[in-house]
Structure formats: C-alpha cells, structure tokens
Amino acid sequence: MNKQYKSSTRRGIEWTDYTWNPVGGCQHGCRWTMPDGSVAICYAELVAERVASEIYVHGFEHHYWRPDVLKEPQKLKKPARIFLDSMSDLMGHWVPDAQIEAVLDVCRQTPQHQYQLLTKNAPRLTKFDFPSNVWVGVSAPPSMIMGKRLTHLQQVRMVERQLNTLKKVQVPVRWMSIEPLSFDIAPLLKDSPLEWAVIGAATNGKKTYQPESVWVQKTLDVLDAQGTKVFFKGNLEWHEWREEFPAVKEVAIVGNSP
Ligand code: SF4
C-alpha cells in the first residue's frame, strides 16, 4: 500500500474503505466561508501542502498522473468501497480524456469494488461511459471556486445544473456530497436522481459549524420521500443517526488471489 493509496480512517472519510488517487492535484481552489467569516480551504490542498509535500512537489494546482498506482485496486483481497479522487477532481478540465479512460478501465476490470467518484465539474460527466460499479457524484457548491466568489444564486444554479446532468448519467448509484450543508438546499433536491447523499456540517480546522436544524430536517424529508439513502458525516449533530448505503449488486472477485 503506497502513499497515494491508503486506507482511510473512520474519523477521516467515514463513507469509504480506501482512497485511490491515480490523478492528483486540483485547480478548482475551493474555499468555504464559515458563519463567523473565517475561510476554510480544501482539505486535500492542506494535506498536499502540509503532510504530503514530498509527493506534491510542484504544489497542489499541478496535475499529477500516477500510472504506477493504476493496478492497486486489483491487489485488494476483498471487495471494497474506493473513493476515486480524494486528492483531485478526476473530471477536472485539465485531466486528459485518455487518463480518465485508463482509470475507468481499471474500474471496469475490478467489478468486485464500488468506486465513489465526486466532481465539481459535472458537465464533463456526460462525455464518458461509466461502468456500473462507479458511483457518480457531485458536490454541493463551495463559497469560492477557481478564484471566483459564488453568489447564492450562482450556488443554486450550480446545484440545478449538477442534478440535471446526473439525470443523464446512467449508473446504478448517483449521489451528492452535501458537505457542508450551508443553505436550505432541500427545494433543489425535489425530483432529484440521487440514490445516495452524504450530509455534513461545515468545519474549519478543529471548529465545526452546525447547519440550521430546519435545513437538515427539510433535506431529510425530501430525500426520504424519494428513497435516497442518507449517510451523516461524523461532524453532524442530529438526534437520529444515519449511516445508510445504496443497495448494489455484489460481484465475485475476478482474477484475484484470496
Ligand atoms: S474540487 Fe475537491 S480537490 Fe479540488 S479544490 Fe475542490 S474540494 Fe479540493
């Protein structure tokens, strides 16, 4: 297990078993304004610059292609949930098509695993044919992306665009990371194509900012009504805990020694 491919911890990304980063670095520059006015920067960017700088030698905005880790999923002995791009955005406009196809080929060749892809560049999703074991997901909009501050209206439009795009993607699991839940997103989720949603609070360093209770309740009401499974991030405070996953077809391990 190398540094680009390591098990997550339960305290880290609770909804996955492993992270896998054949692509690294990101140009989206996401930032989140907290309720007290402080600004949180992308967690992957923090990790790349403070903990993994020997891997991200050209900085986090640089694009890293690591074909040497492409075979890593085949080495796993048990079926797993694998977060496909925790240190990048695989659908980022700077990632060449051929590299994305090489990653999706690995997903195709390892149907025993479930790959959890998450992007902030939803329009590019329609250009690829995703294998059925890739969960295709979009993220709730940050406060800033690529140096541009988003107004609330722009955030709303981004969510609408993302969900409309997801409707065109034919995979068993379409999902959304609503982390942080920073405004009343529930009205936008009506008639959504989501099979799964992850909901979390806002964090900046050690400080956590809880969403308004009414936002959480309304979001749960909409998602429950349409049968969307819900997973709470550990930073969310709520009276009833949810750690649901969508039902997926299990596939026996192929070409892998036990
Ligand atoms: S898209 Fe993801 S990896 Fe890229 S800056 Fe935003 S949060 Fe970080």
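Read the numbers this way: they start at 1 and go in the same order the structure lists the ligands and their atoms.
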**Prompt:** Val69 and Ile100: same hydrophobic cluster, using ILVMFWY side-chain contacts below 4.5 Å?
**Reply:** yes
**Request:** Measure distances from atom 8 (Fe) of ligand 1 and count the protein N, O or S atoms below 2.8 Å.
**Result:** 1
**Message:** Distance alone, cut at 3.5 Å: any donor-acceptor contact between the side chains of Asn204 and Ser38?
**Reply:** yes
**Fill in**
Taken in chain and number order and not counting sequence neighbours, the residues that satisfy ring-ring contact (aromatic ring centres under 6.0 Å, His included) with Phe245 are Trp196, Phe231
**Fill in**
among protein heavy atoms, the one nearest atom 7 (S) of ligand 1 is Lys120 NZ, 3.5 Å
**Request:** Treat each ILVMFWY residue as a node, draw an edge where side-chain heavy atoms are under 4.5 Å apart, and state whether Trp32 and Met176 are in one component.
**Result:** no
**Request:** Identify whether NZ of Lys or CZ of Arg in Arg66 sits under 6.0 Å from the centre of the six-membered ring of Tyr56 and within 45° of that ring's axis.
**Result:** yes
**Prompt:** Are Glu72 and Lys75 close enough for a salt bridge, meaning some N to O gap below 4.0 Å?
**Reply:** yes
